[in-house]
Amino acid sequence: MGEKEREDARRYWQANIRLITILLIIWAVVSYGFAIILAPVLNSINLGQVPLGFWFAQQGSMYVFVILIFVYAKLMDKMDQEHNVQE
Amino acid sequence: MSTEVWTYLLVGLTFAGYLYIGYMNRVRDTRGFYVAGQGVPAIANGAATAADWMSAASFISMAGLISFLGYDGAIYLMGWTGGYVLLALLLAPYLRKYGKYTVPDFVGDRYYSQTARVVAAICAIFVSLTYVAGQMRGVGIVFSRFLGLPITGGIIVGMAIVAFFAVLGGMKGITWTQVAQYSVLILAFLIPSIALAARLTGMPIPQLAFTFTDIVPKLNQIQMDLGLGSYVTSHKNMIDVLAITLALMTGTAGLPHVIVRFYTVPSVRAARYSAGWALLFIAILYTTAPALAAFAKFNLINTLNGVSVQDVQTRPDLDWARKWETTGLLSFEDKNGDGVYQLTKGDTNEIKIDRDIIVLSTPEVAGLAGFVIALVAAGGLAAALSTASGLLLVISSSLSHDIYYRLINPNATERQRMIAGRTVIFLAILVAGYFGINPPGFVAEVVAFAFGLACASFFPIILLGIFDKRTNSTGAVWGMIIGITFTAVMILLMRSTKLLGTEAPIVTSFLGISAQGIGVVGMILNFVVTYVVSRATKEPPQEIQDMVESVRIPKGAKEAVAAH
């Protein structure tokens with residue numbers, strides 16, 4: 001690896017870590033926050049006909065998980081190009 | 001046509017399909033056998049991963065489990081899906097870039113240690129073997145419930161089918177068969193769920209019917225009236241709910257048969273998308289299950305509670321109740337002699353409902369034709385066979401690749417390695433079948449072990465191996481040993497009534513955490529020990545640090561493949 005490539009790789013990794021951190025915070029807030037710790041509070045609000053905390057626990061969290069992975073894959077496509085590390 | 005004829009027909013057709021696909025995808029080389037030639041498109045690998053992941057238990061028992069747990073069923077819903085986010089962001093792309101055949105391959109190479117390789121291979125075999133025994137049992141149960149065949153006969157038929165496509169096609173045969181099995185199992189789960197949703201609520205999409213119609217509030221009200229407790233709030237201690245959910249998520253991300261699926265795609269980019277497709281395909285079933293759980297429970301209580309003894313014996317629309325009564329999954333007893341069956345909590349309860357009945361009885365309860373009942377049988381078999389085959393491949397690769405080729409005979413020729421792989425997978429099928437026919441009494445207990453060990457051993461070691469260059473061999477080996485030992489000892493002590501035969505559990509909980517969630521503590525210990533010991537000892541050799549840098553960038557994934 002040349003010096004420029006090394007620098008590209010280093011910046012790419014930092015940007016990747018930043019993105020992973022943001023997405024995992026959302027992951028934790030939705031599953032451990034909304035669906036478990038805050039569920040008793042959120043249950044005073046209804047989504048449709050079911051209490052919101054319960055809905056996050058049995059539906060919402062899973063939708064968020066799927067979206068998070070596709071968002072990561074899409075943003076990484078762009079990031080791979082920008083840092084010139086794509087396959 | 002009778003239900004039984006439909007069942008033979010559909011099961012026969014799907015089995016013929018699996019055999020055909022297996023034959024078409026037979027392989028000649030180890031790369032095809034262990035990682036399907038690394039040519040599986042992202043979306044197909046997603047479907048295969050979903051089928052691999054969703055076992056007989058997910059298909060047959062999970063909705064029933066949720067209907068009895070209510071809110072607390074979320075432990076399994078989130079625990080068995082959230083791990084894919086960890087896989088997609090933290091593990092899969094880098095392991096694909098690294099690009100070898102097995103999880104112990106990565107552990108052994110990254111930590112330049114044969115000890116680490118052997119520990120990893122033994123963990124992989126143990127975890128997969130405990131799992132696969134349950135799957136073979138599932139095959140036997142489906143055969144006996146739907147076709148009245150003895151469990152042993154059913155298991156032998158299942159073993160023969162798996163043996164055919166796994167021995168011939170290895171990972172390639174297994175992968176394409178799993179794609180077909182996913183299609184069968186998801187149709188078999190969705191059709192009855194949609195029918196029941198439409199019948200009860202007028203809204204055919206189960207997820208929408210669950211959220212926007214009044215089934216959940218009505219169910220909750222009935223539960224409260226009967227003294228069964230709220231359906232929408234937790235009945236467990238919150239620390240334990242958090243620990244179990246996290247243990248199942250990190251356990252999922254650390255299970256070798258799940259990780260190895262991401263070695264089979266052609267690129268790093270495909271590994272990321274593939275995890276997304278896998279979770280989407282899994283979520284289709286996992287978001288339907290809680291809806292089905294609520295509908296079926298509401299419907300069962302509503303139909304059966306307060307029904308008279310005479311009605312159960314004669315009413316034509318209760319045919320299904322009489323049928324399931326003969327299987328023992330549903331039982332009535334008029335304890336107070338008032339001629340009416342009442343559903344209550346505790347000893348006065350007069351209607352006993354086995355949780356497996358929730359999924360199995362749905363087609364009949366919803367008044368669907370024999371064709372759909374047969375489809376559910378084929379779906380249950382697809383779920384069991386697809387999971388079993390994925391696990392068998394891990395057992396085979398751990399023994400024939402990690403232990404035989406990498407440790408005992410590194411000079412083995414390609415031909416010898418293929419023979420070893422095929423022989424081991426065949427033997428593993430026999431062992432799995434044996435345990436399916438003679439299940440050890442503690443199979444259910446051992447599943448807690450599988451997740452606990454995966455989350456206390458593999459997850460931290462692989463994660464640090466990618467994200468922390470400074471983690472060295474000494475740290476990783478000590479971290480694994482301490483994480484595994486702590487988890488195994490705690491599970492033994494907490495489940496001692498079943499595992500050691502003591503009168504009462506030796507330890508009931510650890511800081512409020514039960515056996516199912518204890519792997520989380522083992523995982524934290526592993527992280528801490530690995531981190532501290534690595535920093536107190538010599539840094540890893542330069543070539544290992546270079547390898548870590550190279551797995552972090554996608555560039556060169558195809559070259560990495562060509563090089564070995």
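For clarity, every value in this text was computed on a predicted model and none was experimentally measured. Below, read A as the first sequence line, B as the second, and so on, with proteins coming before strands; counting in each chain starts at 1.
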Identify which part of B/Ala275 has an atom lying under 4.5 Å from any heavy atom of chain A, answering side chain, backbone, both or neither. both

Which atom names give the shortest non-hydrogen contact between B/Ser267 and A/Glu87, and what distance separates them? CB-OE2, 2.7 Å

Plane angle bin for B/Tyr71 and A/Phe54 - parallel if under 30°, tilted between 30 and 60°, otherwise perpendicular: tilted

With a 4.5 angstrom heavy-atom cut-off, is it the side chain or the backbone of A/Ala35 that approaches chain B, or both, or neither? both

How many angstroms lie between CD1 in A/Ile69 and OH in B/Tyr273, if you round to the nearest 0.5 Å? 12.0 Å

In terms of heavy-atom pairs under 4.5 Å, which option from A/Val50, A/Val66, A/Val85 contacts chain B the most? A/Val85

Is it the side chain or the backbone of B/Ser234 that comes within 4.5 Å of chain A heavy atoms, both, or neither? neither

Taking B/Glu549 for the side chain and A/Arg10 for the main chain, is one N or O donor matched with an acceptor at less than 3.5 Å? no

Please classify the contact of B/Phe210 with chain A as side chain, backbone, both or neither, using a heavy-atom distance under 4.5 Å. both

Give the C-alpha distance, both sets of side-chain angles, the deciding distance and a yes or no for ring pair (Phe, Tyr, Trp, His ring centres under 6.0 Å) between B/Tyr84 and A/Trp27. CA-CA 11 Å; B/Tyr84 281 86; A/Trp27 167 83; over 10 Å; no

If you measure from CE on A/Met62 to CE on B/Met78, what distance do you get to the nearest 0.5 Å? 8.5 Å

Per-residue contact mode, B/Leu208 against chain A (heavy atom under 4.5 angstrom): neither

Supply the atom-to-atom distance A/Tyr72 OH to B/Leu89 CG, rounded to the nearest 0.5 angstrom. 5.5 Å

Relative to chain B, which of A/Gln49, A/Met76, A/Gln86 shows the most heavy atom pairs under 4.5 Å? A/Gln49

Under 4.5 Å from any heavy atom of chain B, what part of A/Ser31 do you find: side chain, backbone, both or neither? both

Look at atom CZ of B/Arg470 and say whether more than 12 heavy atoms of other residues, nucleotides or ligands are closer to it than 6.0 Å. yes

Bottom line for A/Tyr12: the part with an atom under 4.5 Å from chain B's heavy atoms is side chain

Only pairs of heavy atoms separated by less than 4.5 Å count here; which of B/Val241, B/Leu242, B/Leu280 has the most with chain A? B/Leu242

Between B/Val216, B/Leu279, B/Thr287, which shows the greatest number of heavy-atom pairs under 4.5 Å with chain A? B/Thr287

Would you give the length of the straight line joining atom CG of A/Asp80 to atom NZ of B/Lys555, rounded to the nearest 0.5 angstrom? 10.5 Å

Checked B/Leu87, B/Ile66, B/Leu86 vs chain A; the most non-hydrogen pairs under 4.5 Å come from B/Leu86

Side chain, backbone, both or neither of B/Leu90 within contact of chain A (heavy atoms, under 4.5 Å): side chain

Looking at chain B, which one of A/Ile17, A/Asn43, A/Ile37, A/Leu23 has the largest number of heavy-atom pairs inside 4.5 Å, strictly under? A/Ile37

CG-CD1 distance between A/Asp8 and B/Ile553, expressed to the nearest 0.5 angstrom: 9.0 Å

How many angstroms lie between CZ in B/Phe467 and CG in A/Asn16, if you round to the nearest 0.5 Å? 6.5 Å

I need the residue from B/Ala74, B/Pro290, B/Ala293 with the largest number of non-hydrogen atom pairs under 4.5 Å to chain A. B/Pro290

Looking at B/Asp214, B/Asn220, B/Thr233, which makes the most heavy-atom pairs under 4.5 Å with chain A? B/Asp214

B/Trp277 atom CH2: more than 12 heavy-atom contacts under 6.0 Å: no

